[in-house]
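To start, the structure under review is shown below, and the notes come after it.
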Amino acid sequence: MGTADEAGNGAITVERRGRWSFVGPDGRPFPSLGVTHADDTNLRYPHNGTVWRDRYGGSRRRWLREGLVADLESWGFTTIGATSEYVSGTGLGVTGRPVDLGHSAGLDGADLATGGLPYVLELHVLQIEAWNGHPAYRDPRDPAFAQWCDHVARTICRPDDALLVGYVLVDGPAWRGHPTGAGFDGPLDEIAEAYYATVAAAVRRHDPNHLLLGDRFGTRAGAPPEVLDAAARHMDVLSVQTFPGPAPGAFEAAIEVVEGWHRRTGLPVLIADTGNWCPTTMNPHRTGSARDQAERAAGYVRTAEVLAALDWCLGWHWCSYVENPQRGWGIKDPWDEPYPELVAAMSAVNREVVARWADARPLAAPGGATR
């Protein structure tokens, strides 16, 4: 399932043509350049509810077409990433201390499909996120887990949707060493095998056509070898999120970790959540990354140039669309206006990446090297 050799089902697949790439139902390779956390409720706060009503008539599907998709296409993006949004709590779960960050459920596939742009769906099969202050380490070997996965799959899967890229699972899982002290009870290799085998069986029972994109492993939370090995046996893509920050060498170190995971699994990699931030009008306390939107723009260009040159990288999904009070950063401000310097840089580099991706060869990194 999921390779170009099995094309003909009208679904997006993955293939290696000099480099790894997603391949559309039309047979053309494309990079998945996406944006995550695009949730229309970010425009329904007291400070911007009039924008939601006046600009989009209070309609999610109108917002999808006239707002989100129109923006992404004009900025050179090709995909709507995972849409579940960080909406409550404080802290980003990177300190090692327990936090409790509420997230929305994510947009429905039937709504997303009306936008006309490839998109990702989330399957919330287990609650072991590193940011989850109340994790639930249910045993994947228990028959109840299989019953739950079947419910999730038969409820969410869309086997005949040609715009669906595939399914991501847990967002930033803490497979070993959750900040709260919680964890699995039993051999991790056995548990991981049961987890991925059960999820894959449930999804493929209800949707044999689309890609399994796996958990969105975090480079801080880590991915134990036993878990990577089990994922390699059952997933089509290795999804990773990374927010290395601006410290010298941090980005390079994160890429080295991800490349090691790729080599171990042999799976192509989607950078499924990454980004940067700076102080803004609503969130002046957002320090520790870029100083302003111009630095954010330069950071995006550098990230894009490096990732596009890696032949195992399928693309990247940027965090996030509209700034809200909890997440604290976005491509657009809290009143639905783009940050001009950021979108100008994104638009230019995205169009270059898409144009040069057409022959599915790795792009030259800064300095002319490819990997």
Side-chain angles (χ1 to χ4, degrees), residues 11-12 32-45 48-49 51-53 55-75 77-88 101-125 127 129 131 151-172 203 206-207 210-216 239 241 270 272-275 315-327 329-332 334 336:
I12 293 168
S32 183
L33 310 184
V35 171
T36 60
H37 312 301
D39 190 320
D40 58 285
T41 61
N42 284 337
L43 291 178
R44 296 199 229 173
Y45 287 95
N48 59 17
V51 174
W52 170 247
R53 294 188 296 273
R55 189 169 290 183
Y56 305 111
S59 166
R60 169 176 286 177
R61 293 193 175 186
R62 183 174 166 187
W63 166 80
L64 274 163
R65 294 189 304 271
E66 300 176 15
L68 177 62
V69 171
D71 283 340
L72 297 191
E73 289 182 334
S74 71
W75 302 335
F77 287 100
T78 65
T79 311
I80 301 172
T83 58
S84 179
E85 171 66 299
Y86 166 24
V87 295
S88 68
L101 307 183
H103 281 64
S104 64
L107 302 185
D108 181 81
D111 286 334
L112 286 165
T114 67
L117 201 66
Y119 67 92
V120 168
L121 280 178
E122 298 164 87
L123 302 180
H124 300 286
V125 294
Q127 294 76 49
E129 303 91 348
W131 48 258
H151 163 75
V152 172
R154 69 177 182 263
T155 302
I156 295 176
C157 286
R158 296 175 57 81
D160 301 318
D161 190 343
L163 288 172
L164 175 60
V165 177
Y167 306 100
V168 292
L169 306 178
V170 178
D171 173 40
V203 171
H206 296 281
D207 182 353
H210 290 98
L211 297 166
L212 281 164
L213 306 175
D215 293 327
R216 285 183 285 168
S239 291
Q241 58 174 302
L270 174 65
D273 206 0
T274 191
W316 55 89
H317 294 176
W318 196 255
C319 174
S320 56
Y321 183 46
V322 173
E323 179 182 341
N324 77 14
Q326 281 70 46
R327 180 167 297 285
W329 72 85
I331 300 173
K332 300 178 88 172
D336 201 40

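Just so you know, these numbers come straight off a predicted model, no measurement behind them.
Residues Thr36 and Cys319 share a closest heavy-atom pair of OG1-CA, 3.4 Å. The nearest pair of heavy atoms linking Pro325 to Tyr45 is CD-CZ, 3.7 Å. Pro118 and Val165 make their closest contact through CB-CG2, 3.9 Å (heavy atoms, listed as atom of the first residue, atom of the second, distance). Across Ala113 and Leu163, no two heavy atoms sit closer than the pair O-CD1, 3.6 Å. Nearest heavy atoms, Val120 versus Leu112: O-CD1, 4.2 Å. Listed here is the closest heavy atom pair of Thr83 and Leu107: OG1-N, 2.7 Å.
Of the inter-residue distances, the one linking Ser239 atom OG with Leu211 atom CG reads 10.0 Å to the nearest 0.5 angstrom. Note that CG of Leu117 and OG1 of Thr78 are 6.5 Å apart. Values are rounded to the nearest 0.5 Å. We find the CG-CZ distance between Leu68 and Phe77 to be 10.5 Å, quoted to the nearest 0.5 Å. Between Cys157 atom SG and Leu121 atom CG the span is 8.0 Å, to the nearest 0.5 Å. The CG atom of Leu33 sits 10.5 Å away from atom CG of Leu72, with the distance rounded to the nearest 0.5 Å. To the nearest 0.5 Å, atom NE2 of residue His103 and atom CD of residue Glu122 are 9.0 Å apart.
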Next item on the list: Carefully, step by step, assess Arg60 and Asp40 under the rule side chain to side chain contact (heavy atoms under 4.5 Å, CB included).
Entry: CA-CA 7 Å; Arg60 169 176 286 177; Asp40 58 285; 2.7 Å; yes

Next item on the list: Decide yes or no on salt bridge (Lys or Arg N to Asp or Glu O under 4.0 Å) for Asp71 and Lys332, but give the supporting numbers first.
Entry: CA-CA 10 Å; Asp71 283 340; Lys332 300 178 88 172; 2.7 Å; yes

Next item on the list: Take Leu123 and Ile156 through the test side chain to side chain contact (heavy atoms under 4.5 Å, CB included) and record every step on the way to the result.
Entry: CA-CA 7 Å; Leu123 302 180; Ile156 295 176; 3.6 Å; yes

Next item on the list: Could you give me the CA-CA distance, side-chain angles and deciding distance for Leu270 and His317, then say whether side chain to side chain contact (heavy atoms under 4.5 Å, CB included) is met?
Entry: CA-CA 8 Å; Leu270 174 65; His317 294 176; 3.8 Å; yes

Next item on the list: List the steps and the verdict of side chain to side chain donor-acceptor pair (under 3.5 Å) for Tyr86 and Asn324.
Entry: CA-CA 9 Å; Tyr86 166 24; Asn324 77 14; over 6 Å; no

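If you check the side chains of His37 and Ser84, you find no donor sitting under 3.5 Å from an acceptor. For Gln241 and Asp171, the side-chain atoms include at least one donor-acceptor pair closer than 3.5 Å. Looking at Tyr56 and Arg61, their side chains never bring a donor and an acceptor atom within 3.5 Å of each other.
Residues Tyr321 and Asn42 have side chains not in contact (no heavy-atom distance under 4.5 Å, counting atoms from C-beta outward). The shortest distance between side-chain heavy atoms of Leu164 and Ile12 does not fall below 4.5 Å. Between Leu64 and Thr114, the closest side-chain pair of non-hydrogen atoms falls below 4.5 Å. Side-chain contact between Ile80 and Val35: absent, with no pair of heavy atoms (C-beta onward) separated by less than 4.5 Å. Contact of the Asp336 side chain with the Arg55 side chain is registered, since non-hydrogen atoms from C-beta on lie closer than 4.5 Å.
A side-chain donor-acceptor contact under 3.5 Å links Ser320 to the backbone of Trp329. Under the 3.5 Å distance criterion, the side-chain polar atoms of Ser88 are matched with a main-chain donor or acceptor of Gly102. One N or O on the side chain of Asp215 and one on the backbone of Val170 form a donor-acceptor pair closer than 3.5 Å.
Between Arg158 and Asp207 there is no salt bridge, since no side-chain N of the basic residue sits under 4.0 Å from a carboxylate O of the acidic one.
Under the side chain to side chain donor-acceptor pair (under 3.5 Å) test applied with Tyr119, the options Asp111, Thr79, Asp161 reduce to a single match, Asp161.
The salt bridge (charged side-chain N to carboxylate O under 4.0 Å, His left out) test applied to Asp39 returns no partner, not counting sequence neighbours.
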